[in-house]
Structure formats: structure tokens, C-alpha cells
A.B. asks: 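Quick one: the structure is below, and I'll ask about it shortly.
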Amino acid sequence: MKVMAIATKTAAWTPEQFEKLIPHEAPHTLQLYLEGKIEQFWFRDKVGPIFLMNVESLDDARATLNTLPFVSEGLHTYELMPLAPLAPLARLIQGK
């Protein structure tokens, strides 16, 4: 299943916490990418990352994100949005 995970900074986020954790966050994110859990990623300035995830379920997405240092240390939370094909496009196919 595809899930869009959109980060939001929490009140606990500080520049000091960021500097402390980014050396762990970046390699962890890269490892999730190499494992196929994160398919694509983008960054929103002053807000945080957006991940397109390839996971078994929303629970799997949550569990995966909870392993990230920024989440486990309370600096980020994620809004999860399950994605699906654009079903109304089937109307454009004749005979459907």
C-alpha cells in the first residue's frame, strides 16, 4: 500500500535537538529508502519531510516512522494518508 507521510515539527523541536539528531536521522532515512519502505521523499522548508511510503498497512507505516530519531525523540509527528489509484478515471475507459 502507498502512504503519504507528512511531517510536522513539535514544540520539542529546537535547533540544538536538530543538530544532535540529524547525524542519526539522515542515515536512518536512507536505510528505509534502501529497504523500499520509503519510495520518494521531499522537504518542506521550516516544516520537515514528506515521504511516499510503500508499506503493508497504516500500522506498518506508523511503526516504521516511530523508528526515526526525530519521531522517537518527539521532534516530529506524521500525518498519514493512504493513497489509491484515481478510481474515477475508469469512467474514461469505454465499456466500464
A.B. asks: For residues Val71 and Leu21: do they belong to one hydrophobic cluster (side chain heavy atoms under 4.5 Å, members Ile, Leu, Val, Met, Phe, Trp, Tyr)?
C.D. replies: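 No: no chain of side-chain contacts under 4.5 Å links Val71 to Leu21.
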A.B. asks: Check this for me: Glu56, atom CD, are more than 12 non-hydrogen atoms of other residues, nucleotides or ligands nearer than 6.0 Å?
C.D. replies: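 Atom CD in Glu56 is not crowded, with 12 or fewer foreign heavy atoms closer than 6.0 Å.
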A.B. asks: Kindly work out whether a path of hydrophobic side-chain contacts (I/L/V/M/F/W/Y, heavy atoms less than 4.5 Å apart) joins Ile22 to Leu30.
C.D. replies: no
A.B. asks: Would a distance-only check, ignoring hydrogens and angles, find a side-chain to backbone donor-acceptor pair under 3.5 Å from Arg44 to Ala7?
C.D. replies: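 Between the backbone of Ala7 and the side chain of Arg44 there is a qualifying donor-acceptor contact (under 3.5 Å).
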A.B. asks: Among all residues two or more places apart in sequence or in another chain, which pass the ring pair (Phe, Tyr, Trp, His ring centres under 6.0 Å) test with Tyr33?
C.D. replies: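 Checked Tyr33 against ring pair (Phe, Tyr, Trp, His ring centres under 6.0 Å); matches are Phe41.
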A.B. asks: With the 4.5 Å side-chain cut-off for hydrophobic clustering, are Tyr78 and Leu52 part of the same group?
C.D. replies: no
A.B. asks: Please assess Asn54 against Lys37 for the test side chain to side chain contact (heavy atoms under 4.5 Å, CB included), listing each intermediate value before the final yes or no.
C.D. replies: CA-CA 5 Å; Asn54 185 20; Lys37 293 270 189 171; over 6 Å; no
A.B. asks: State plainly whether one hydrophobic cluster holds both Leu92 and Leu86, where clusters connect Ile, Leu, Val, Met, Phe, Trp and Tyr through side-chain heavy atoms under 4.5 angstrom apart.
C.D. replies: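 Leu92 clusters together with Leu86.
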A.B. asks: Treat each ILVMFWY residue as a node, draw an edge where side-chain heavy atoms are under 4.5 Å apart, and state whether Met81 and Trp42 are in one component.
C.D. replies: yes
A.B. asks: Between Lys20 and Glu16, is a side chain to side chain contact (heavy atoms under 4.5 Å, CB included) present by the stated rule, with each step listed?
C.D. replies: CA-CA 6 Å; Lys20 174 184 165 191; Glu16 296 79 23; over 6 Å; no
A.B. asks: In sequence, state the C-alpha distance, the side-chain angles, and the governing distance for Leu68 and Leu32, and then conclude on side chain to side chain contact (heavy atoms under 4.5 Å, CB included).
C.D. replies: CA-CA 9 Å; Leu68 291 168; Leu32 293 174; 3.9 Å; yes
A.B. asks: Considering non-hydrogen atoms only, spot the tightest contact between Val47 and His76 and give its length.
C.D. replies: O-NE2, 4.0 Å
A.B. asks: Are any side-chain N or O atoms of Thr8 and backbone N or O atoms of Thr77, one a donor and one an acceptor, separated by less than 3.5 Å?
C.D. replies: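 No, the answer is negative, given that no donor and acceptor are paired below the 3.5 Å cut-off.
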A.B. asks: Please give me the minimum heavy-atom distance between Ala12 and Gln17, naming the atom from each residue.
C.D. replies: O-CG, 4.2 Å
A.B. asks: Would you call the rings of Phe18 and Phe70 parallel, tilted or perpendicular, taking 30° and 60° as the class edges?
C.D. replies: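 The arrangement is tilted - the two ring planes meet at 30° to 60°.
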A.B. asks: Rounded at 0.5 Å granularity, tell me how far CH2 in Trp13 sits from NZ in Lys46.
C.D. replies: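 It is 10.5 Å, given to the nearest 0.5 Å.
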A.B. asks: Does a donor on one side chain sit under 3.5 Å from an acceptor on the other, for Thr67 and His28?
C.D. replies: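 Result is yes, a qualifying pair exists.
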A.B. asks: Minimum heavy-atom separation for Arg62 to Leu80, with atom names?
C.D. replies: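 Where Arg62 meets Leu80 most closely, the heavy atoms are CG-CD1, 3.4 Å.
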A.B. asks: Rounded to the nearest 0.5 Å, what separates atom NE2 in His24 from atom OG in Ser72?
C.D. replies: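 It comes to 10.5 Å.
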A.B. asks: Please check if the number of heavy atoms outside Lys2 that lie under 6.0 Å from its NZ is greater than 12.
C.D. replies: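 Correct, the count exceeds 12.
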A.B. asks: Applying side-chain contact (heavy atoms from CB on, under 4.5 Å) between Asp60 and each of Leu65, Val3, Val55, report the one that passes.
C.D. replies: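 Exactly one pass, corresponding to Val55.
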